[in-house]
Amino acid sequence: MRLSRYFLPVLKEDPKEAQIVSHRLMLRAGMIKQQAAGIYSWLPLGFKVLRRIEQIVHDEQQRAGHIPMLMPTLQPADLWRESGRYDDYGEEMLRIRDRQKRDLLYGPTNEEMITDIFRSHVNSYKDLPLTLYHIQWKFRDEIRPRFGVMRGREFLMKDGYTFDLTKEDALHAYNRHLVSYLRSYERMGLQAIPMRADGGPIGGDYTHEFLVLAETGESEVFYDSHITDLTFGDRQIDYDSVEECQAVLDEFTSRYARTDETHDQAIFDQVPEERRRTARGIEVGQIFYFGTKYSEPMGATVVGPDGQRVPVHMGSHGIGVSRLLGAIIEANHDDRGIIWPEGVTPFHVGIVNLKQGDNSTDSACEAIYAELQARGLDPLYDDRDERAGAKFASMDLIGLPWRITVGPRGLASNKVELTNRRTGTSEELSPKDAIARLVQIYQPVLGLTVQDR
RNA sequence: CGGGGCGUAGCGCAGCCUGGUAGCGCGACGGUUUUGGGUACCGUAGGCCGGAGGUUCGAAUCCUCUCGCCCCGACCA
């Protein structure tokens with residue numbers, strides 16, 4: 001993309017309503033625009049990152065064998081009356097009435113609807129196990145929306161639902177989700193720690209939350225520092241293997257890690273003192289096993305091998321997709337702006353032309369731009385007629401992890417500068433070598449697609 | 001929902017107490033200048049002072065009501 005043709009309304013000054021860094025930077029970098037309390041438009045740059053995150057979630061869900069679909073944002077109230085949650089959910093649920101005076105609601109989650117779909121079409125244990133998921137906008141009428149997209153009222157969420165014949169099978173589905181979530185977060189450049197959690201209004205007697213450590217997190221967390229040494233890495237897991245999935249869960253939940261909701265000081269005190277940590281965390285996902293909580297009242301049953309009709313064991317699993325942008329920025333920024341991890345960056349590299357209008361720099365930039373695209377990368381070329389300082393400031397703000405700087409001085413000896421946003425270190429390379437380096441850097445990120453399996 | 005605060009140009013703000021022709025900085029636009037970290041200068045455009053009612057000769061300013069937004073708290077992916 002050429003910046004002169006893009007829509008990137010960056011702000012030089014801090015909008016006064018933004019108190020935390022991710023909100024401030026998202027507004028300043030022209031990623032979002034607030035339309036009402038907790039409701040945002042996603043401007044092109046923000047939308048691009050949102051789509052990248054969404055794509056990673058899709059990839060990893062499908063890698064785990066989960067099936068994508070899409071349910072509507074508006075739901076009939078009757079389904080929720082059936083489960084009993086129409087009254088239980090409270091003021092957080094946005095209720096709407098249509099012209100025929102039918103009660104509708106803007107879905108805060110989809111257990112009822114998915115259960116309805118399931119019971120309409122699945123009758124036999126032979127159709128199990130089944131995991132369906134979608135990525136759809138949700139609305140929860142928060143008492144106090146704040147922190148930009150981290151606590152919006154309208155938010156994009158991946159929610160998946162598992163159906164199994166037995167509790168044992170359902171817990172394997174649970175473990176499978178834990179594995180796929182660990183992989184997903186790591187691809188986004190995040191460390192998300194699974195922590196034992198409470199059920200909350202979704203319900204469930206077995207549940208973990210995934211927390212990203214950040215000063216601005218809303219939850220207080222307590223953990224054994226050894227937990228942060230664990231990484232999923234590029235290990236290959238057979239998602240059908242009960243043992244392999246269980247082993248990952250065991251490994252990642254072996255150390256003490258809880259939020260204030262479930263914190264137990266007595267157990268925490270058994271962790272060696274030098275390893276005890278108290279911090280704050282942002283919740284970016286949660287997994288639940290809730291048994292027959294919905295299948296029973298809503299009649300989601302299958303005929304088992306013994307000919308008996310039994311309610312299915314269910315679980316639900318969520319990733320806060322739009323919230324993740326905030327969480328990633330909270331965990332990756334400095335005083336000049338955002339620092340995107342390679343896995344989610346809106347553009348892979350920025351090209352800064354130091355002397356726009358100069359024949360040699362212009363053509364060098366054009367050549368680099370074209371070649372990067374030819375090699376499958378997505379560059380942002382700052383071809384505006386601006387001073388170098390303004391271009392650098394914009395690039396730093398929007399946080400592209402790599403920058404190629406092209407100026408007459410370096411070009412005289414066939415050199416451009418390749419700069420890492422995070423470390424600030426630069427290398428002088430020929431344009432050809434700089435491109436080769438970038439291709440190499442992004443090879444693992446671009447290589448990760450489901451089709452490659 | 002309780003407590004606190006704010007709505008004046010695209011953004012950040014002053015003016016309000018003590019009523020009398022609506023201002024500053026940044027940004028935008030047109031020039032000149034400059035070209036390796038938000039350059040400098042000249043000029044131009046841009047405002048029903050959130051909305052409604054009231055007081056007054058006269059309201060951004062005083063009074064009443066209302067809408068919106070932010071912050072703290074209880075609640076939450």
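Throughout, protein chains are lettered first and strands after them, A, B, ... in sequence-line order, and every chain is numbered starting at 1. Computation of the quantities below employed the complete heavy-atom set of this structure, encompassing side-chain atoms and omitting hydrogens, waters and symmetry-equivalent molecules.
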Just jot down the salt bridge (Lys or Arg N to Asp or Glu O under 4.0 Å) partners of [X], sequence neighbours excluded, or say none.
X	value
A:R277	none
A:D169	none
A:E218	A:R151
A:R2	A:E366

**Prompt:** Is a side-chain donor-acceptor pair under 3.5 Å present for A:R146 with A:H23?
**Reply:** no
**Message:** Quick one about A:H58 and A:Y133 (side-chain donor to acceptor, distance below 3.5 Å, no hydrogens or angles considered), yes or no?
**Reply:** yes
**Prompt:** Within 45° of the six-membered ring axis of A:Y294 and under 6.0 Å from that ring's centre, is NZ or CZ of A:R85 located there?
**Reply:** no
In whole Å, I'd like the distance from the [atom1] atom of [X] to the [atom2] atom of [N].
X	N	atom1	atom2	value
A:K16	B:C69	NZ	P	13 Å
A:L8	B:G10	CG	C1'	16 Å
A:E17	B:G10	CD	P	15 Å
A:M150	B:C70	CE	P	15 Å
A:I143	B:G2	CD1	P	12 Å
A:R146	B:C75	CZ	P	11 Å
A:I32	B:C69	CD1	C1'	15 Å
A:L43	B:G10	CG	P	17 Å

**Item:** ring pair (Phe, Tyr, Trp, His ring centres under 6.0 Å) between A:F347 and A:Y6, intermediate numbers included
**Value:** CA-CA 12 Å; A:F347 295 97; A:Y6 200 46; 5.5 Å; yes
**Asked** Between A:R183 and A:E186, is the closest basic N to carboxylate O distance under 4.0 Å?
**Response** no
Inter-nucleotide [atom1] distance ([N], [M]), Å rounded:
N	M	atom1	answer
B:U56	B:U64	C1'	16 Å
B:G50	B:A14	P	14 Å
B:U39	B:G23	P	27 Å
B:G19	B:A60	P	14 Å
B:C63	B:G20	P	15 Å
B:A22	B:G5	C1'	24 Å
B:C41	B:U34	C1'	11 Å
B:G43	B:C70	C1'	38 Å

**Message:** Just to be sure I understand the rule, does A:A36 reach a base, reach only the sugar-phosphate, or reach nothing, if contact means heavy atoms closer than 4.0 Å?
**Reply:** sugar-phosphate
**Prompt:** Is A:G148 touching bases, backbone alone, or none of the nucleic acid, heavy atoms closer than 4.0 Å?
**Reply:** nothing
[N] - base-pair partner by Watson-Crick or wobble geometry, distances under 3.5 Å:
N	result
B:G37	none
B:C65	B:G51
B:U56	none
B:G2	B:C72
B:A45	none
B:G10	B:C26
B:C17	none

**Message:** Tell me whether the side-chain N/O atoms of A:Q34 come closer than 4.0 Å to OP1 or OP2 in B:C70.
**Reply:** yes
**Asked** In Å and rounded to the nearest 0.5 Å, what is the NE2 to OH distance from A:H208 to A:Y174?
**Response** 5.0 Å
**Message:** Both A:E92 and A:Q19 contact RNA chain B. Which one's nearest nucleotide lies toward the 5' end?
**Reply:** A:Q19
**Item:** RNA chain B contacts made by residues 343-353 of chain A, counting heavy atoms under 4.0 Å
**Value:** none
**B:G25 base / A:E13 side chain donor-acceptor hit below 3.5 Å** = yes
**Prompt:** Using a cut-off of 4.0 Å between protein heavy atoms and nucleotide atoms, how would you tag nucleotides 28-46 of chain B 5' to 3' with B, S and -?
**Reply:** ------BSBBBB-------
**Asked** Do side-chain atoms of A:Q136 reach the backbone of A:M71 as a donor and acceptor pair under 3.5 angstrom?
**Response** yes
**Item:** Residue among A:L324, A:L45, A:L156 satisfying side-chain contact (heavy atoms from CB on, under 4.5 Å) with A:L50
**Value:** A:L156
